[in-house]
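Reviewing the structure listed below.
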Amino acid sequence: MREPAVSDEREYYYNLQTRQVEEGKISGADDRMGPYPTREAAQQALDAAGARNAMWDEADRKWRRDWDGDAEA
């Protein structure tokens, strides 16, 4: 029987309920974002997600404008 691969790399998660960074999969999947390579990256999880959402929202608005031919969308 093969041994599972062991990684020396740490993984960090942002807990959406406690708003704390956790090392490893402590919380359930529904309550965490990640993994992130560093504690600092996990701490910035909500800011990074917000920035991506804003970028995607703008891309959606542009797509609708182009699709509908409506410059006011």
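These figures come from a predicted structure and were not determined experimentally.
Within the structure, side chain to side chain donor-acceptor pair (under 3.5 Å) contacts touching residues 44-57 (residues at least two apart or in different chains) do not occur. Each ring pair (Phe, Tyr, Trp, His ring centres under 6.0 Å) pair with one or both residues in residues 11-34, not counting sequence neighbours, would appear here, but there are none. Counting only residues at least two apart or on different chains, no salt bridge (Lys or Arg N to Asp or Glu O under 4.0 Å) pair has a member in residues 32-44.
With sequence neighbours left out, D31 forms a side chain to side chain contact (heavy atoms under 4.5 Å, CB included) with N15, Q17, S27. In terms of the side chain to side chain donor-acceptor pair (under 3.5 Å) criterion, T38 has no residue partners (sequence neighbours excluded). With sequence neighbours excluded, no residue forms a side chain to side chain donor-acceptor pair (under 3.5 Å) with Y36. Applying the side chain to side chain donor-acceptor pair (under 3.5 Å) criterion to E23, with sequence neighbours excluded, gives R10. Applying the salt bridge (charged side-chain N to carboxylate O under 4.0 Å, His left out) criterion to K25, with sequence neighbours excluded, gives no partner residue. With sequence neighbours left out, E58 forms a side chain to side chain donor-acceptor pair (under 3.5 Å) with R61.
Put simply, CE on M33 and CD on E22 are 13.0 Å apart, with the number rounded to the nearest 0.5 Å.
Under a 4.5 Å side-chain heavy-atom criterion applied to ILVMFWY residues, the cluster that includes I26 comprises that residue alone.
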Fill in: Trace of the side-chain contact (heavy atoms from CB on, under 4.5 Å) decision for L46 with L16
CA-CA 9 Å; L46 290 180; L16 296 164; 3.9 Å; yes
